[in-house]
Amino acid sequence: MSVETQKETLGFQTEVKQLLHLMIHSLYSNKEIFLRELISNASDAVDKLRFEALSKPELLEGGAELKIRVSFDKDAQTVTLEDNGIGMSREDVITHLGTIAKSGTADFMKNLTGDQKKDSHLIGQFGVGFYSAFIVADQVEVFSRRAGLPASEGVHWSSKGEGEFEVATVEKADRGTRIVLHLKKAEDEFADGYRLRNIIKKYSDHIALPIELPKEQIAVEGEPAPVQEWETVNRASALWTRPRTEVKDEEYQEFYKHIAHDFENPLAWSHNKVEGKLEYNSLLYVPARAPFDLYQREAPRGLKLYVQRVFVMDQAESFLPLYLRFIKGVVDSNDLSLNVSREILQKDPIIDSMKSALTKRVLDMLEKLAKNQPEEYKGFWKNFGQVMKEGPAEDFANKEKIAGLLRFASTSDESGEQSVSLAEYLARGKEGQDKIYYLTGESYAQVKNSPHLEVFRKKGIEVLLLTDRIDEWLMSYLSDFDGKGFVDVARGDLDLGKLDSEEDKKAQEEVAKDKEGLIERLKAALGDAVSEVRVSHRLTDSPAILAIGEQDLGLQMRQILEASGQKVPDSKPIFEFNPTHPLIGKLDNEQSEERFGELSHILFDQAALAAGDSLKDPAAYVRRLNKLLVELSV
Ligand code: ADP
Ligand code: MG
């Protein structure tokens with residue numbers, strides 16, 4: 001036992017304590033994954049060493065044969081993992097094995113319900129990592145030394161996983177990390193060569209460096225114990241360099257879990273080898289679930305970058321646009337230099353052409369998923385639809401392709417789910433329909449009963465219902481799809497084109513002429529509140545409606561801008577009334593200008609309410625309405 005100095009006891013960060021508790025109590029059914037996590041870390045550590053050694057070969061300290069060794073001791077009930085990767089300094093150990101660095105961790109922890117089934121899903125989005133060792137061990141010891149530091153600066157970390165850990169400085173001859181798991185009584189089955197070999201084959205076959213187990217050797221009586229020999233149990237070649245036909249689905253899935261730090265299988269993947277002017281391999285995955293930090297600005301994103309098989313950086317963001325930030329995967333380039341930096345990546349023209357090719361691959365993969373596995377695509381859309389909606393604004397070149405992947409709620413689907421594609425919408429459109437009609441609003445419940453839909457209901461024309469906060473903004477980037485223009489049914493002077501017959505149109509014109517007197521009276525009564533008054537063709541049941549001017553901001557955009565503290569240009573709505581409605585008939589016949597004014601304002605306010613807007617002077621509305629009610633009940 002070497003001498004320990006500078007021994008101290010430290011507490012885990014609160015989030016770590018919560019995570020440990022959760023892990024021990026909700027992942028009991030899949031205990032063996034601890035080995036996958038620890039091997040994954042060892043492999044990352046070796047990748048980092050290999051990369052740093054490119055510029056500082058002395059870090060290899062003469063030992064360039066990089067590997068992971070897993071051993072066990074049945075009597076002592078321990079499992080030990082050893083790697084000769086980058087290792088950790090004392091500070092590294094304290095931060096990496098005492099805190100969780102991910103942004104938004106505290107928020108994530110707040111979402112935990114205490115329901116173990118639900119929480120084990122959440123933890124999947126979070127990634128379990130090193131702390132999973134405590135699923136099977138009641139004490140974990142880590143011996144580590146950062147490559148490049150002297151042997152006297154090794155560190156010994158030890159914890160029972162309960163709230164605190166100890167660190168001390170120790171001698172450690174070899175660089176890298178050794179982890180000793182003292183198995184819980186009930187988990188001693190893991191101190192077994194056959195079991196360990198199976199787990200490694202199952203979860204870690206794709207790891208690109210050798211994972212070795214001790215070779216079974218028979219001691220012969222009277223002879224000295226043989227020197228321990230080791231054998232490699234995994235395939236130990238970079239998975240993405242192998243031909244597609246030789247890689248099994250399970251291997252793709254396990255590799256995904258390793259690089260994405262995810263717990264669940266991916267929804268889809270796309271593995272490609274590109275040759276020619278540029279040469280690279282790519283392996284891209286669509287996760288099944290959104291990570292908890294999808295909307296956090298600083299959240300990690302991007303691909304793992306390798307250059308000629310050597311790991312160069314994590315989270316290389318330059319290879320995919322922001323709206324595809326949820327995609328995980330690997331690119332391995334033959335053209336980039338090994339000392340490429342993030343700054344260089346941002347400027348390199350090679351990256352631009354890789355980025356557009358990879359973007360196209362992802363969109364193709366999603367198209368295929370939508371076509372061949374519509375149920376899975378629904379799940380994808382639930383998780384990532386909002387992010388995909390950022391696409392048309394960011395990626396002009398692929399606008400049409402992205403539009404094809406969008407899904408909307410619609411008047412033809414009672415469920416309210418976002419499940420209708422634009423292609424589907426057009427395919428079942430009315431004879432002569434050359435527009436895509438949509439309505440935006442606060443919520444599905446609000447828009448589905450909007451008076452703006454009345455004429456569409458009557459004529460049996462489908463309208464897409466857009467209620468995500470981002471939708472109005474999205475639609476400002478989409479002008480048409482498949483040659484058909486988009487029309488906001490709450491905007492401008494609704495022209496149904498060929499969907500209105502010539503007779504309809506003539507009749508409308510006549511009514512408008514007939515109501516000129518009423519229009520003038522309403523203009524005078526409503527004054528500044530409106531930009532225009534006209535006869536509506538949109539209504540069958542409601543007396544009046546407010547339309548948005550062709551160039552004006554819609555309600556959603558106005559609310560977003562207001563919430564962000566920006567000054568919003570004042571725009572006035574167009575007041576449209578339904579000439580066949582009895583209330584309008586009454587209004588037309590009203591002799592008292594005072595009562596006419598009161599009633600017009602009530603109709604105006606009602607129309608604003610039905611559109612989901614708030615009233616400028618709610619008290620005045622209530623006063624007017626009550627006055628009217630009193631008169632009625634006399
Ligand atoms: P993640 O792998 O997602 O970063 P983990 O909980 O698995 O999270 O590991 C936490 C950190 O501890 C790692 O990021 C790494 O910095 C450090 N670490 C864990 N195992 C090793 C190891 N074998 N060698 C060097 N560093 C390690
Ligand atoms: Mg890890």
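The first residue of the sequence shown is numbered 1, and numbering continues consecutively from there. For clarity, every value in this text was computed on a predicted model and none was experimentally measured. Remember, it's 1-based here, ligands and their atoms both numbered in the order they're listed.
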Asks: Listing request: all salt bridge (charged side-chain N to carboxylate O under 4.0 Å, His left out) pairs with a residue in residues 239-250, at least two apart in sequence or in separate chains.
Replies: Arg242-Glu251
Asks: Please list, in chain and residue-number order, the protein N/O/S atoms closer than 2.8 Å to the Mg ion (ligand 2).
Replies: Asn41 OD1
Asks: Is a donor from one side chain sitting under 3.5 angstrom from an acceptor on the other, for Asn198 and Glu32?
Replies: no
Asks: Testing the basics here: between Ala191 and Leu183, what is the closest heavy-atom pair and its distance to 0.1 Å?
Replies: N-CD1, 3.7 Å
Asks: Within the distance-only criterion (no hydrogens, no angle test), does the side chain of His271 pair as donor or acceptor with the backbone N or O of Trp240 below 3.5 angstrom?
Replies: yes
Asks: Regarding Ser158 and Gln139, is there a side-chain donor-to-acceptor distance under 3.5 Å anywhere?
Replies: yes
Asks: What short N/O contacts, under 3.5 Å, does ligand 1 make with the protein, listed by atom pair and distance?
Replies:
| from | atom 1 | to | atom 2 | distance (Å) |
| --- | --- | --- | --- | --- |
| ligand 1 | 2 (O) | Asn41 | OD1 | 2.9 |
| ligand 1 | 3 (O) | His261 | ND1 | 3.1 |
| ligand 1 | 6 (O) | Phe130 | N | 2.9 |
| ligand 1 | 7 (O) | Asn41 | OD1 | 2.8 |
| ligand 1 | 7 (O) | Asn41 | ND2 | 2.8 |
| ligand 1 | 7 (O) | Phe130 | N | 3.0 |
| ligand 1 | 23 (N) | Asp83 | OD2 | 2.9 |
| ligand 1 | 24 (N) | Thr177 | OG1 | 3.3 |

Asks: Show me the side-chain donor-acceptor pairs of residues 315-326 shorter than 3.5 Å, one per line, residues at least two apart or across chains.
Replies:
| from | atom 1 | to | atom 2 | distance (Å) |
| --- | --- | --- | --- | --- |
| Tyr323 | OH | Asp395 | OD2 | 2.6 |
| Arg325 | NE | Leu294 | O | 3.1 |
| Arg325 | NH1 | Leu322 | O | 3.1 |
| Arg325 | NH1 | Glu390 | OE1 | 3.0 |
| Arg325 | NH2 | Glu390 | OE2 | 3.3 |

Asks: With a 4.0 Å cut-off, would you call Asp138 and Lys184 a salt bridge?
Replies: no
Asks: State whether a side-chain donor-acceptor pair under 3.5 Å links Asp47 with Tyr306.
Replies: yes
Asks: Determine the minimum heavy-atom distance between Leu49 and Gly85, stating which atoms define it.
Replies: CB-C, 3.9 Å
